[in-house]
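All remarks here apply to the structure that follows.
One-based numbering, in listed order, for ligands and for the atoms of each. Quick note: numbers below take in every heavy atom, side chains included, and nothing from hydrogens, waters or symmetry partners. Heads up: numbering here begins at 1 and tracks the sequence.
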Amino acid sequence: MEIEDFEDAIKDKTILASIIWGNNEIGSLNDISTLYQVCKNHSVLFHTDATQVVGKLGIDVKDIPVDFMSFSAHKLYGPKGIGAAYIKSDDYGIPPFSALLHGGEQESGMRGSTLAVHNIVGFGKAAEIALREREAKNKFYKELDEKIIKIISDLPNIKIIGDLENRIPGVYSIIVDKKDFNNERFLKKIGNRIALSSGSACTAGQPSHVLKAIGLGEYTGKVLRISVSYLVNENDIGELLSIINRL
Ligand SMILES: *Cc1c(COP(=O)(O)O)cnc(C)c1O
C-alpha cells in the first residue's frame with residue numbers, strides 16, 4: 001500500500017488502523033515500520049495481520065514495533081484452529097479492548113473456555129521448527145522464486161501480479177491473458193495432482209477484493225494463485241512449471 005494513501009485514510013475519528021503484512025493472494029509485503037510510524041504521528045493504534053509472514057520473515061517486535069499483531073498456526077505447519085494475538089503493553093499498560101469469548105477467565109480474561117492444550121503445544125512446536133529451519137527454507141524459497149519468476153516473465157501471455165521486490169517468497173498470482181482462458185474451468189481440467197487456486201480460499205466464489213483494489217478486477221476469471229510449500233520436491237516444481245508453460 002502507498003504510504004500517502006494510508007495516511008489519507010486516517011481521519012480525526014480514527015482510533016485504530018489494521019493492515020495485512022504480507023498479502024495472501026498476491027504476496028506483496030507492506031512496509032510495516034513506516035505504516036506504524038504514520039499511525040504514531042496521528043496517535044492511532046496499529047494492528048497487523050502477520051499470518052502470511054510469521055515463520056517466513058524474521059519478525060521481532062523490538063525491531064518492528066506494532067501495537068497488535070495476529071497470526072495463525074496452520075500457515076506455519078502447525079495445527080488448524082489456533083492462532084495468536086500479540087498485544088503490546090506500553091507505559092500506559094495494555095490498551096483497553098473487550099474479550100472475544102466471554103465466560104471463563106482463561107487467557108487473561110480475553111478468551112473464555114478450556115485451553116486446547118494439544119493445539120497450543122502443536123503451535124509452539126511448529127514455531128520452534130519454523131525458527132530452526134528458517135534459513136534453510138528461505139534459501140529454498142529464494143532459489144524457487146528466481147526460477148519461477150524468470151520462467152513466468154519470459155512467457156508472453158502471463159504476468160505476475162504484485163510487488164516483485166517486496167514479496168513473500170513462494171506465493172504467486174498470475175494473470176493468464178488469453179481470450180478463452182477461464183481459471184475455474186482450467187482447475188477442473190488439471191485434476192488434483194497439483195493444487196492451484198483461482199484466488200483466496202477465504203473468499204471463494206466471490207470476485208477478489210484484492211484484485212479490485214489494485215485495479216485488476218476485470219481479470220478475476222483469469223487469475224491463478226500458486227502457493228508453494230517447502231515440502232515439494234524438484235519433480236513437483238517441474239510439473240508446476242510444465243503446467244504453466246502449457247497455459
Ligand atoms: C489464512 C489467513 C488468515 C486466516 O487464518 P485461519 O486460521 O485460516 O482462519 C488470516 N489472514 C491471512 C493473511 C491468512 O493468510
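Taking a cut-off of under 4.0 Å to the non-hydrogen atoms of His74, the atoms of ligand 1 that pass are 6 (P), 7 (O), 8 (O). Numbered from 1 in the order shown, with element, the atoms of ligand 1 that lie under 4.0 Å from a heavy atom of Ser72 read 5 (O), 6 (P), 7 (O). Those atoms of ligand 1 with a heavy atom of Thr51 less than 4.0 angstrom away are 2 (C), 10 (C), 11 (N), 12 (C), 13 (C), 14 (C), 15 (O). Heavy-atom contacts of Ile20 reach the following atoms of ligand 1: 13 (C) (cutoff under 4.0 Å). Near Gln52, the atoms of ligand 1 lying under 4.0 angstrom from a non-hydrogen atom of the residue are 13 (C), 15 (O).
Side chains of Ile26 and Arg167 form no contact here, defined as non-hydrogen atoms less than 4.5 Å apart.
In Lys139, the NZ atom is not crowded: 12 or fewer heavy atoms of neighbouring residues, nucleotides or ligands sit closer than 6.0 Å. Atom NZ of Lys159 sits in a sparse spot, with 12 or fewer heavy atoms from other residues, nucleotides or ligands closer than 6.0 Å. In Glu2, the CD atom is not crowded: 12 or fewer heavy atoms of neighbouring residues, nucleotides or ligands sit closer than 6.0 Å.
Ligand 1 has no nitrogen or oxygen under 3.5 angstrom from a nitrogen or oxygen of Asn24.
Nearest to atom 10 (C) of ligand 1 by heavy atom, out of Thr48, Asp49, Ile168, Ile82, is Asp49.
A donor atom on one side chain and an acceptor atom on the other are found under 3.5 Å apart for Tyr77 and Ser229.
A single hydrophobic cluster is seen to contain both Phe186 and Ile226, as judged by linkage of ILVMFWY side chains at heavy-atom distances under 4.5 Å, directly or through other members.
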